[in-house]
Amino acid sequence: MNIVIVESPAKAKTINKYLGASYEVVASFGHIRDLPAKNGSVDPDANFKMIWEIDPKASARLNDIARSVKDADKLILATDPDREGEAISWHVLEVLKQKRALKDQPVERVVFNAITKQAVTEAMKHPRQIDGALVDAYMARRALDYLVGFTLSPVLWRKLPGARSAGRVQSVALRLVCDRELEIEQFVPREYWSLIATLATPRGDTFEARLVGADGKKIQRLDIGSGAEAEDFKKAIEAANFTVSSVEAKPARRNPQAPFTTSTLQQEASRKLGFAPAHTMRIAQRLYEGINIGGETTGLITYMRTDGVQIDGSAITQARKVIGDDYGKDYVPDAPRQYQTKAKNAQEAHEAIRPTDLARRPAELRKHLDPDQARLYELIWIRTIASQMESAELERTTVDIAAKAGSRLLELRATGQVVKFDGFLKLYQEGIDDAADDDESRRLPAMSEGEALARRDLSVTQHFTEPPPRFSEASLVKRMEELGIGRPSTYASILQVLKDRGYVRLDKKRLHGEDKGRVVVAFLESFFTRYVEYDFTASLEEQLDRISNNEISWQQVLKDFWTDFIGAVDDIKDLRVAQVLDVLDAMLGPHIYPAREDGGDPRQCPSCGTGRLNLKAGKFGAFVGCSNYPECRYTRPLAADGDAGGDRVLGKDPQSGLEVAVKSGRFGPYIQLGEPKDYEEGEKPKRAGIPKGMSPGDMEFDLAIKLLSLPREVGKHPEDGEPIKAGIGRFGPYVQHIKTYASLEAGDDVFNIGLNRAVTLIAEKIAKGPSKRRFGSDPGKPLGDHPTLGGVAVKSGRYGAYVTAGGINATIPSDKTQDTITLAEAIVLIDERAAKGGGKVKRPAKKAAKAKASAKAGAEKAPKKAVAKKAATKKAAAKPKSDATSKARAPVKAAKTSSTKAPKTVAKKSAGKSS
């Protein structure tokens with residue numbers, strides 16, 4: 001038997017079907033160990049030695065894997081084909097070596113870019129060893145992130161109370177958002193005017209032309225800066241005669257965009273589908289791991305974490321065939337298109353994201369996918385096909401017009417564009433983040449040089465320049481990629497961390513820098529300037545990539561970074577909080593103290609009139625206070641935080657007519673249907689929590705209605721007819737059948753999950769066995785079976801870790817740990833303990849009798865009230881319940897099982913119908 005290790009159970013199930021009975025595919029459920037979240041996990045003084053800790057949830061799975069490997073012929077590590085996948089394989093192999101589960105079995109590493117039978121079986125024919133350079137690159141990144149986080153965050157907490165954390169890449173991404181906020185605040189609008197004439201040809205066709213020159217001088221967009229200048233040009237145009245001075249038509253070609261990389265997929269899914277990057281990656285993960293189609297699970301797209309834009313030759317051939325079949329031979333270019341990435345520091349280690357089989361048209365798959373999966377698959381399919389289609393052929397026309405008014409000669413210009421052959425535009429056109437006026441998209445009527453034109457209208461319009469737009473999630477990802485900040489696998493998680501920390505908020509699909517984020521960035525820019533510079537971060541990313549190419553030592557990169565970084569940390573250790581606040585107060589002054597309408601001093605205290613406002617720090621973050629404290633106790637929050645706590649009405653529920661609102665409560669934000677006055681006395685309004693990772697400002701009406709509908713019934717279980725429900729709980733989305741709860745996996749949607757998928761998750765949960773008990777004694781971590789005493793487990797006790805079997809306990813020696821002790825070693829310890837006659841859990845008869853006597857004496861000394869209460873309880877337990885008691889308790893039980901409470905308005909409507 002060959003044991004194959006992959007990350008997810010869905011992937012394991014699919015690959016097992018491809019490989020057959022001689023293979024057993026086991027899931028590691030992602031990363032199995034990590035650096036513990038405490039000081040000392042990375043030791044710079046010991047050449048950056050790392051201490052890895054096994055995830056408690058992974059212990060049982062690793063024991064299962066170890067048992068399977070012991071009797072295996074071969075171990076095949078088949079995790080994802082990127083750096084993280086290589087790291088998971090390395091971690092699994094290291095743990096198996098520690099457990100001594102491997103004997104002489106060969107260990108192979110295989111990678112495949114798509115989960116299809118052909119891709120998997122072909123990969124099995126070309127095994128390799130674990131790529132040490134990729135593992136080194138992983139360790140360097142992990143160590144860097146740990147060292148920055150665990151060194152810089154405590155500095156933030158001490159010098160900047162209320163700050164949450166700082167990270168190597170997240171802080172630079174936050175700076176992008178906050179710098180844009182600063183640009184917007186410092187922006188000074190500039191007035192300008194435009195003059196656009198509506199002209200007509202001798203045949204009566206009309207078009208628009210813009211004033212672009214006067215008296216031999218060119219007029220740019222912002223050159224007409226006042227109403228007086230505009231009025232002067234208006235009078236001249238109204239008195240002018242118009243003649244076509246030149247007509248120039250130039251052919252142009254527009255080429256299709258390359259297939260998707262991780263970042264471009266996230267950008268287009270955000271623009272066209274409204275998906276957050278994290279949501280896009282969850283759905284893509286599910287499409288990659290496989291969907292059940294006609295009884296067979298198959299992967300629908302290639303691996304979704306990539307910065308490569310090239311695609312396999314066979315896929316190009318298939319794409320060209322699909323184009324010819326569906327759109328005709330005119331849309332197939334003479335030669336296949338080859339693409340090269342333009343992204344900074346791109347590795348191009350993998351193919352672009354594409355469908356595994358382009359013959360699977362989106363319309364054919366729609367019935368097998370949930371709505372979001374279908375939309376994302378269609379986007380990927382269209383982009384891939386369009387990338388191999390013929391270019392669009394255009395004709396761009398420019399008409400220059402002379403306007404003679406007495407001695408003055410004005411110049412007007414009209415531009416237009418005609419699509420001669422649509423090419424790839426027939427199928428796809430890439431979205432844009434910030435739309436601008438496009439005069440070229442207009443089509444111009446036929447004109448010839450020297451032809452006279454008539455003026456029909458003249459538009460004179462005042463404009464003001466606008467500040468640069470805030471980043472959308474798509475445009476921020478694009479900018480990070482352009483600067484070489486982060487990597488394909490990190491963009492979504494970086495954005496999520498910034499939202500989770502409350503450093504940014506998403507409002508109307510734009511990222512707004514919150515005050516706590518701006519204070520953190522100001523702190524880092526003031527005292528750790530180098531480490532939030534874009535070029536430095538990109539340069540460090542480049543060095544990390546060189547490690548993966550085996551060009552440089554990972555310890556040397558860490559050493560170079562750490563020497564300067566710890567020096568910068570030491571430099572500010574002696575700075576007092578007041579000194580830090582003074583620097584930030586000066587840096588953030590324009591934001592914190594905006595100009596007053598009356599022209600007064602924006603820093604003057606509005607309470608005492610003599611004090612000066614300045615930045616202060618409290619337990620919950622920075623705030624503004626008066627310099628005359630404690631005589632004057634005036635305080636206020638920073639500008640953006642002032643409106644953060646207000647309720648926000650999203651709309652009205654179409655069924656009940658009650659308002660749906662986002663509210664702030666003691667335990668955080670939530671959604672509420674109506675107000676207490678809308679419900680019967682004693683009933684509370686229907687509420688729903690806001691999902692983890694989503695900010696209140698990101699909540700929209702449609703999603704709120706969906707959340708209020710949870711838990712919802714998915715359907716009846718086919719075996720017992722009991723309902724299966726889907727909902728969101730403390731630990732995330734789940735499905736429930738009777739008392740079995742199963743968490744949803746990546747790609748599952750709590751609102752759309754179907755009955756078949758829910759039944760599968762329930763069955764997988766039951767197959768895993770019961771989870772760790774919440775109450776009672778610790779069941780411990782199972783190691784296997786003792787030859788005579790039954791199951792062996794390792795547990796944590798009052799005096800340290802121990803192993804147990806059949807009621808015999810044996811302490812684990814100091815040179816062993818709960819994670820490293822093996823079954824064989826545990827059996828030896830238990831047998832030695834049993835031979836000495838000790839370790840039994842069952843107490844001797846004398847001790848039991850003594851304990852019983854002690855308990856009796858204690859009971860006699862107890863207060864009479866407690867004894868009486870105990871007696872009453874025993875009596876009540878022995879006596880059967882009366883009918884009256886049962887009836888009195890019945891409504892209470894019914895009330896507890898009711899999942900919703902009807903508002904007054906709904907109840908009244910129901911009453912009216914029944915009568």
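Residue indices begin at 1 and follow the sequence shown.
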Query - Ion pair Glu482/Arg479, N-O distance below 4.0 Å - result: yes
Query raised in the report: Got a salt bridge between Glu84 and Arg305, using NZ or NE/NH1/NH2 to carboxylate O under 4.0 Å?
Result: no
Requested in this report: Would you please say whether a donor-acceptor pair under 3.5 Å links the side chains of Asp179 and Tyr534?
Outcome: yes
Query raised in the report: When you check the gap from the basic side-chain N to the acidic O, do Glu296 and Lys17 get nearer than 4.0 Å?
Result: no
Query - Neighbour count >12 (heavy atoms, 6.0 Å) for atom CG, Asn756 - result: no
Report task. State, with a plain yes or no, whether a side-chain heavy atom of Arg254 is found less than 4.5 Å away from one of Gln429. Result -> yes
Query raised in the report: Looking at Phe471, is Arg180 sitting on its ring face, NZ or CZ under 6.0 Å from the six-membered ring centre and within 45 degrees of the normal?
Result: yes
Report task. For the pair Asn16 (side chain) and Val25 (backbone), establish whether a donor and an acceptor sit closer than 3.5 Å, ignoring hydrogens and angles. Result -> yes
**Report entry** Asp422 side chain to Leu425 backbone, donor-acceptor under 3.5 Å
**Finding:** no
Query raised in the report: Quick one: does Leu365's side chain get under 4.5 Å of Ile293's, heavy atoms only?
Result: yes
Query raised in the report: Quick one: does Ser493's side chain have a donor or acceptor within less than 3.5 Å of a partner on Thr490's backbone?
Result: yes
Report summary line: So OG of Ser270 and NE2 of His279: to nearest 0.5 Å the spacing works out to 11.5 Å
Report summary line: dist Ile485:CD1 -> Met480:CE (nearest 0.5 Å) comes out at 6.5 Å
Query raised in the report: Taking the six-membered ring of Tyr428, is the NZ or CZ of Lys272 close enough (under 6.0 Å from the centre) and on axis enough (within 45°)?
Result: yes
Report summary line: Residues passing the side-chain contact (heavy atoms from CB on, under 4.5 Å) test with Lys706, sequence neighbours excluded, are Phe751
Query raised in the report: Charged N to carboxylate O below 4.0 Å: is that the case for Glu108 and Arg128?
Result: no
Report task. Any chance you could lay out the salt bridge (Lys or Arg N to Asp or Glu O under 4.0 Å) test for Arg271 and Glu268, step after step, and finish with the verdict? Result -> CA-CA 5 Å; Arg271 297 182 192 117; Glu268 275 293 83; 2.8 Å; yes
Query raised in the report: Counting only heavy atoms not in Lys420, do more than 12 sit closer than 6.0 Å to its NZ atom?
Result: no
Query raised in the report: Charged N to carboxylate O below 4.0 Å: is that the case for Arg546 and Glu542?
Result: no
Query - Backbone N/O of Val69 and side chain of Gln105: donor-acceptor pair under 3.5 Å - result: yes
Requested in this report: Please lay out, stage by stage, how Asp326 and Arg361 fare under the test salt bridge (Lys or Arg N to Asp or Glu O under 4.0 Å).
Outcome: CA-CA 10 Å; Asp326 291 8; Arg361 273 76 167 176; 2.8 Å; yes
Query raised in the report: Does the ring centre of Phe424 sit less than 6.0 Å away from the ring centre of Tyr327?
Result: no
Report summary line: Value for CG (Asp136) from OG (Ser553), rounded to nearest 0.5 Å, stands at 7.5 Å
Query - Phe260 and Val309, any side-chain heavy atoms less than 4.5 Å apart - result: no
Query raised in the report: Are Thr261 and Asp307 close enough, and set up right, to give a side chain to side chain donor-acceptor pair (under 3.5 Å), and what steps lead you there?
Result: CA-CA 5 Å; Thr261 62; Asp307 52 17; over 6 Å; no
Query - Side-chain donor or acceptor of Thr262 paired with backbone N/O of Thr306 under 3.5 Å - result: yes
Query raised in the report: Is any NZ, NE, NH1 or NH2 atom of the basic residue among Arg366 and Glu378 found under 4.0 Å from an Asp or Glu carboxylate oxygen of the other?
Result: yes
Query raised in the report: Looking at residues at least two apart in the chain, or sitting in another chain, which of them share a side-chain contact (heavy atoms from CB on, under 4.5 Å) with Thr760?
Result: Lys13, Arg757, Glu764
Query raised in the report: Which pair of non-hydrogen atoms, one from Val4 and one from Ala78, has the smallest distance, and what is that distance?
Result: CG1-CB, 3.7 Å
Requested in this report: Would you check if there is a donor-acceptor pair between the side chains of Glu122 and Gln118 at a distance under 3.5 Å?
Outcome: no
Query raised in the report: Going by distance alone, is a donor N or O of one side chain under 3.5 Å from an acceptor N or O of the other, for Arg320 and Gln388?
Result: no
Report task. Give a yes-or-no answer on whether the side chains of Ser387 and Thr384 include a donor-acceptor pair shorter than 3.5 Å. Result -> no
Report task. Before accepting this row, confirm whether a basic side-chain N of the pair Asp145/Arg141 lies closer than 4.0 Å to the acidic partner's carboxylate O. Result -> no
Query raised in the report: How about Ser28 and Glu7: does a side-chain donor come under 3.5 Å of a side-chain acceptor?
Result: no
Query raised in the report: After noting the C-alpha distance and the side-chain angles of Arg175 and Glu533, does the key distance pass the salt bridge (Lys or Arg N to Asp or Glu O under 4.0 Å) rule?
Result: CA-CA 9 Å; Arg175 183 191 164 191; Glu533 286 178 350; over 6 Å; no
Quiz: residues 87-95 side-chain donor-acceptor pairs under 3.5 angstrom, not counting sequence neighbours:
{"unit_1": "Ser89", "atom_1": "OG", "unit_2": "Thr79", "atom_2": "OG1", "d": "2.5"}
{"unit_1": "His91", "atom_1": "ND1", "unit_2": "Arg33", "atom_2": "NE", "d": "2.6"}
{"unit_1": "His91", "atom_1": "NE2", "unit_2": "Tyr138", "atom_2": "OH", "d": "3.1"}

Report summary line: Taking every heavy atom of Leu495 against every heavy atom of Pro277, the minimum-distance pair comes out as CD1-CG, 3.5 Å
Requested in this report: Mind running side chain to side chain contact (heavy atoms under 4.5 Å, CB included) on Asp80 and Tyr288 for me, showing each step along the way?
Outcome: CA-CA 11 Å; Asp80 286 341; Tyr288 165 71; 3.6 Å; yes
Requested in this report: Could you tell me which non-hydrogen atom of Leu544 sits nearest to which non-hydrogen atom of Ala140, and how far apart they are?
Outcome: CD2-CB, 3.7 Å
